[in-house]
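Keep in mind it's a predicted model, so treat the numbers as computed, not measured. We name chains A, B, ... by the order of the sequence lines, and we start the count at 1 in each one.
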Amino acid sequence: MNVRTRFAPSPTGYMHVGGLRTALYAYLYARHEKGTFILRIEDTDQEREVPGALEKIYESLREAGLSYDEGPDAGGDFGPYIQSRRQAAYLPHALELIEKGAAYPCFCTKERLEKAREAAEKKGETFKYDKHCLGIPKDEAKRRIDAGEPYVIRQNMPVTGKASFDDVLYGHVEVDCATLDDTVLIKADGMPTYNFANVIDDHLMRVSHVMRGTEYLSSAPKYNLLYDAFGWEKPCYVHLAPVMADAHRKLSKRHGDPTFEDLLNEGYLSEAIVNYIALLGWSPGNDQEFFTLAELEAAFQLKGLSKSPAIFDKDKLTWMNSEYIRNLPFDRYLALAMPWFGQAGVLAADTRRLAELTQGRTEVFGRIPDMVDFLAAMPDFDPELYSNKKMKTDPAAAKHALALVRPVLAAVDDWREAPLHDALMAAIANSGMKNGQVLWPLRIAISGRLATPGGAIEIAYLLGKAETLRRVDAAAAKL
RNA sequence: GCCUCCGUGGUCUAGAGGCCUAGGACACCGCCCUCUCAAGGCGGCAACACGGGUUCGAAUCCCGUCGGAGGUGCCA
């Protein structure tokens, strides 16, 4: 079978992590099977138009490396790929269903429906449309439609029997038709609902595998009823369990959860994000955790998909991101780090050397400023930072250490790490103190930080001689 | 409420009747290394939701319970 999958987002203005993962899986499956990956925009809700949303989708997919073979900006033989521009395809199909008795026009007002809904709710029942308009004679319906009366087109669900579908992951899912509501297919504004458009378009676009969230699990039987009414071949269904923020909530921008773009802006690498979310609900069946996109394409199989929801664990993403950063070619790391160095105001320092020191310690690029900004401006610090029992130092010991080190530093003319190291070590050995007893206070004195990317010698080098001496003097004066 | 689906450590998961004394990873804790912090090395804590079956044998199959999620929109 020629595999054709599609990612069908509605243009909301951002790419959620869950959506990206759905796109990833659809992409991976298509690539693994040497099939076709399609991008289709589901914008049939005209009340939810977001300017610039289309571009955001294109951009996110490009960022993630998910290239599509067909789509609004990619062309293809089954376009247009934007549902609002496929208007002409829907109504005729709906009329065909009416002919076949599988659908019917409905003139009920929203008010009447609202009342019925409330009444049902009061009785503790599930609301079901009462097929009130099913009995309207065809000619009367035609007259009312021609007269301009607003109407929708509803799917005419069987009253008895079973409806079902087969899911690659969930198996055979069956429901009583009696529990099915007469879903609106065409809205009063003439636009199709998702429930109709997805069936028409998946068929017209020859989609072989429908991969989408489990929120459609319970409506899938209705879609099959539609396929049957048309006499169309049904696609393979692959419903994907959601990505959760915690055990009770889906990941959502509304609740402040990061979108793909947010993560990128925070300084996560798109490769790391893609790698991480690939494993959020899918397993290769072995212990491999690091995958390039190409490796994912080769390894991806539907059987590795998980049926239960997965909680997004940012800590693990961060860990994976730090691994990716650590493995970046140095120059690439440097280029990516520069803007953050700039933000921290440390461009005057030897940024190349700085980057060597930070690369192995950068978990997320956005955390660089906090890591290095002490180089730009000496922070105020609590003298208690000098106290470290393992280093056997405290403020009093620090005073001695700084006194020892000050003339040594002043005497170093060749301000590079090696000469600094040799001079300092010689002086320490001479004094009979331990390395830590001297170097710890020095580092604190010139950085004001408990933890720094590099030891006293590296920091001193980065600061330069004048600034280092200035900081040593200022620190000593406070002791 | 009703319908559907799901249920292995805190988290992501491996596991398709004996290979399980339940494996890997993140997180956490400890030790080593070390001029700090990381990284690295070594070690540790920690799970088959519960109850019944089936079977010589069950995390794996069946039933029930409980827990969670989704649906119940002229949203997708």
Participant: From the options B/C74, B/A25, B/C3, select the nucleotide whose nearest atom is closest to the side chain of A/Glu289.
Facilitator: B/A25
Participant: So which nucleotide does B/A14 pair with, by the Watson-Crick or G-U wobble rule with both distances under 3.5 Å?
Facilitator: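 Pairing partner: none.
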Participant: Starting from C1' on B/C12, measure out to CG on A/Leu280 and report it in whole angstrom.
Facilitator: 6 Å
Participant: Is A/Arg117 near enough to B/C74 that one of its side-chain N or O atoms lies under 4.0 angstrom from OP1 or OP2?
Facilitator: yes
Participant: Sort out the partner of B/C42 for me: Watson-Crick or G-U wobble, both distances under 3.5 Å, none otherwise.
Facilitator: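 Pairing partner, where one exists within any strand: B/G30.
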Participant: Looking only at the side chain of A/Asp181 (C-beta and beyond, no hydrogens), which of the listed nucleotides B/C37, B/A76, B/G73 gets closest?
Facilitator: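 For A/Asp181, the side-chain atoms sit closest to B/G73.
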Participant: Can you spot which of A/Leu113, A/Ile153, A/Thr193, A/Asn195 makes a side-chain contact (heavy atoms from CB on, under 4.5 Å) with A/Val184?
Facilitator: A/Thr193
Participant: Rounded to the nearest Å, what distance is computed from the CD atom of residue A/Gln46 to the P atom of nucleotide B/G73?
Facilitator: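 Computing the A/Gln46:CD to B/G73:P distance gives 22 Å.
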Participant: So which one's nearest nucleotide on RNA chain B is more toward 5', A/Glu125 or A/Leu279?
Facilitator: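 The answer here is A/Glu125.
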Participant: Between B/U11 and A/Lys316, is there an OP1 or OP2 to side-chain N/O distance shorter than 4.0 Å?
Facilitator: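 Answer no for this pair, as no side-chain N or O of A/Lys316 is under 4.0 Å from OP1 or OP2.
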Participant: Consider the side chain of A/Arg361, meaning its heavy atoms from C-beta on, and name the nucleotide among B/G71, B/A38, B/C6 that approaches it most closely.
Facilitator: B/A38
Participant: Would you call A/Asp257 and A/Lys250 a salt bridge, taking side-chain N to carboxylate O under 4.0 Å as the test?
Facilitator: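 Looking at A/Asp257 and A/Lys250, the cut-off is not met.
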Participant: What is the separation between atom CG on A/Leu180 and atom P on B/G73, rounded to the nearest whole Å?
Facilitator: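 Distance, rounded to whole Å: 12 Å.
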Participant: Atom CZ of A/Phe312 and atom C1' of B/C12: how far apart are they, to the nearest Å?
Facilitator: 12 Å
Participant: At 4.0 Å (heavy atoms only), tell me whether A/Tyr216 reaches a base, stays on the sugar-phosphate, or touches nothing.
Facilitator: base
Participant: Using only side-chain N and O atoms of A/His248, determine if any of them is under 4.0 Å from OP1 or OP2 of B/A69.
Facilitator: yes
Participant: Indicate, yes or no, whether a donor-acceptor pair under 3.5 Å links the base of B/U34 to the side chain of A/Lys390.
Facilitator: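 Answer is yes: a donor-acceptor pair is held.
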Participant: Report yes if at least one side-chain N or O of A/Ser283 is closer than 4.0 Å to OP1 or OP2 of B/C12; otherwise report no.
Facilitator: no
Participant: What is the nucleic acid contact for A/Ala310, judged by heavy atoms within less than 4.0 Å: base, sugar-phosphate only, or nothing?
Facilitator: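 Sugar-phosphate: the residue A/Ala310, judged by heavy atoms under 4.0 Å, touches backbone atoms but no base.
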Participant: Can you tell me which nucleotide in B/C6, B/C35, B/C74 comes closest to the side chain of A/Met391?
Facilitator: B/C35
Participant: Provide the distance between the two C1' atoms, one in B/U13 and one in B/A59, to the nearest whole Å.
Facilitator: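 These two C1' atoms come out 14 Å apart once rounded.
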Participant: Quick one: label A/Cys108 by what it contacts on the DNA or RNA (base, sugar-phosphate, nothing), any heavy atom closer than 4.0 Å.
Facilitator: base
Participant: By the 4.0 Å heavy-atom rule, please label A/Glu174 as base, sugar-phosphate, or nothing.
Facilitator: sugar-phosphate
Participant: Once you round it to whole Å, what is the distance between P of B/A25 and CH2 of A/Trp319?
Facilitator: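 In whole Å, B/A25 P lies 9 Å from A/Trp319 CH2.
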Participant: Just compare B/C3, B/A76, B/C37 and give me whichever is closest to any side-chain atom of A/Ala451.
Facilitator: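 Taking heavy atoms from C-beta onward, the closest nucleotide is B/C37.
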Participant: Between A/Thr193 and A/Gly360, which has a closest nucleotide on RNA chain B that is more 5'?
Facilitator: A/Gly360
Participant: Look at all strands and tell whether A/Val152 reaches a base, only sugar-phosphate, or nothing, counting heavy atoms closer than 4.0 Å.
Facilitator: base
Participant: Base, sugar-phosphate or nothing for A/Lys303? Non-hydrogen atoms, less than 4.0 Å.
Facilitator: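 Base, at least one base heavy atom under 4.0 Å.
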Participant: At 4.0 Å (heavy atoms only), tell me whether A/Gly213 reaches a base, stays on the sugar-phosphate, or touches nothing.
Facilitator: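 A/Gly213: no heavy atom of the nucleic acid under 4.0 Å.
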Participant: Just checking, is any N or O donor in the side chain of A/Thr452 or A/Arg443 under 3.5 Å from an acceptor N or O on the other one?
Facilitator: yes
Participant: Do any side-chain nitrogens or oxygens of A/Lys187 fall under 4.0 Å of OP1 or OP2 in B/C75?
Facilitator: yes
Participant: Would you mind classifying the nucleic acid contact of A/Ile457 as base, sugar-phosphate or nothing, using non-hydrogen atoms under 4.0 angstrom?
Facilitator: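 It contacts base atoms.
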Participant: Relative to each other, are the rings of A/Tyr227 and A/Tyr237 parallel, tilted or perpendicular (30° and 60° limits)?
Facilitator: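 Plane angle over 60°, so perpendicular.
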Participant: Using whole Å, report how far CG of A/Asn286 lies from C1' of B/G24.
Facilitator: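 These atoms are roughly 10 Å apart.
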Participant: Using a 4.0 Å heavy-atom cut-off across all strands, classify A/Thr44 as base, sugar-phosphate, or nothing.
Facilitator: sugar-phosphate
Participant: Applying the Watson-Crick and G-U wobble criteria at under 3.5 Å, what pairs with B/A76? Answer none if nothing qualifies.
Facilitator: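 Partner of B/A76: none found under 3.5 Å.
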Participant: Counting side-chain heavy atoms from CB outward, which of B/C74, B/C5, B/G71 is closest to A/Glu215?
Facilitator: B/G71
Participant: Roughly how many Å apart are B/U55 and B/U60, using the P atom of each and rounding to a whole number?
Facilitator: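 After rounding to an integer number of Å, I get 16 Å for this pair.
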Participant: Taking a pair as Watson-Crick or G-U wobble with both distances under 3.5 Å, which nucleotide is matched to B/G7?
Facilitator: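 B/C66 - that is the nucleotide pairing with B/G7, both distances being under 3.5 Å.
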Participant: Just checking A/Arg48: base, sugar-phosphate only, or nothing, at a heavy-atom cut-off of under 4.0 Å?
Facilitator: base
Participant: Between A/Asp182 and A/Tyr104, do the side chains contain a donor N or O and an acceptor N or O under 3.5 Å apart?
Facilitator: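 Judged by distance alone, the side chains do pair up.
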Participant: Measure from the side-chain heavy atoms of A/Phe127 and tell me the nearest of B/U13, B/A76, B/G73.
Facilitator: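 Per side-chain heavy atoms of A/Phe127, the pick is B/G73.
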Participant: Please check if the number of heavy atoms outside A/Asn286 that lie under 6.0 Å from its CG is greater than 12.
Facilitator: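 Enclosed: over 12 neighbouring heavy atoms sit under 6.0 Å from CG of A/Asn286.
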Participant: When we call it a touch if two heavy atoms are under 4.0 Å apart, what does A/Ala456 touch: a base, just sugar-phosphate, or nothing?
Facilitator: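 Base contact - A/Ala456 has a heavy atom under 4.0 Å of at least one base atom.
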Participant: CZ of A/Arg212 versus C1' of B/G71: gap in Å, rounded?
Facilitator: 13 Å
Participant: Rounded to whole angstrom, note down the P distance from B/C62 over to B/C6.
Facilitator: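 Those two atoms are separated by 11 Å.
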Participant: Partner lookup for B/C37, please. Criteria are Watson-Crick or G-U wobble with both distances under 3.5 angstrom; report none if nothing qualifies.
Facilitator: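 Paired with no nucleotide.
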Participant: In whole angstroms, how far is the P atom of B/U34 from the CG atom of A/Asn388?
Facilitator: 16 Å
Participant: Base, sugar-phosphate alone, or nothing: which one does A/Ser219 contact when heavy atoms must sit under 4.0 Å apart?
Facilitator: nothing
Participant: Are there over 12 heavy-atom neighbours, none belonging to A/His400, within less than 6.0 Å of that residue's NE2?
Facilitator: no
Participant: Using the C1' atom in both, what is the distance from B/C12 to B/C42, to the nearest Å?
Facilitator: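 About 25 Å, rounded to a whole number of Å.
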Participant: Counting only heavy atoms not in A/Glu121 (residues, nucleotides, ligands), do more than 12 fall under 6.0 Å from its CD?
Facilitator: no
Participant: With the side chain of A/Met425 defined as its heavy atoms from C-beta on, choose the nearest nucleotide among B/C35, B/U4, B/C74.
Facilitator: B/C35
Participant: Side chains of A/Thr358 and A/Tyr333: any donor to acceptor distance under 3.5 Å?
Facilitator: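 A pair is found: one side chain offers a donor N or O, the other an acceptor, under 3.5 Å apart.
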Participant: Applying a 4.0 Å non-hydrogen cut-off, can you work out what A/Lys434 is touching in the nucleic acid: base, sugar-phosphate, or nothing?
Facilitator: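 Answer is nothing: A/Lys434 stays at 4.0 Å or more from every strand.
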Participant: Checking all strands, does A/Glu42 fall into the base, sugar-phosphate, or nothing category for heavy-atom contacts under 4.0 angstrom?
Facilitator: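 Here A/Glu42 touches the backbone only, sparing every base.
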Participant: What interatomic distance, in whole Å, is found between C1' of B/A47 and the corresponding atom of B/G23?
Facilitator: 12 Å
Participant: For nucleotides B/A22 and B/A49, find the distance between their P atoms and express it as a whole number of Å.
Facilitator: 14 Å
Participant: Compare the minimum distances between each of B/C5, B/A76, B/C6 and the side chain of A/Ser308, then state the nucleotide with the smallest one.
Facilitator: B/C6
Participant: In terms of side-chain heavy atoms of A/Asp45, which of B/A27, B/U8, B/A76 is nearest?
Facilitator: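 Within the option list, the nearest is B/A76.
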Participant: Do A/Tyr324 and A/Asn275 meet the criterion of a side-chain donor-acceptor pair at a distance under 3.5 Å?
Facilitator: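 There is such a pair (donor and acceptor under 3.5 Å, judged by atom type) between the side chains of A/Tyr324 and A/Asn275.
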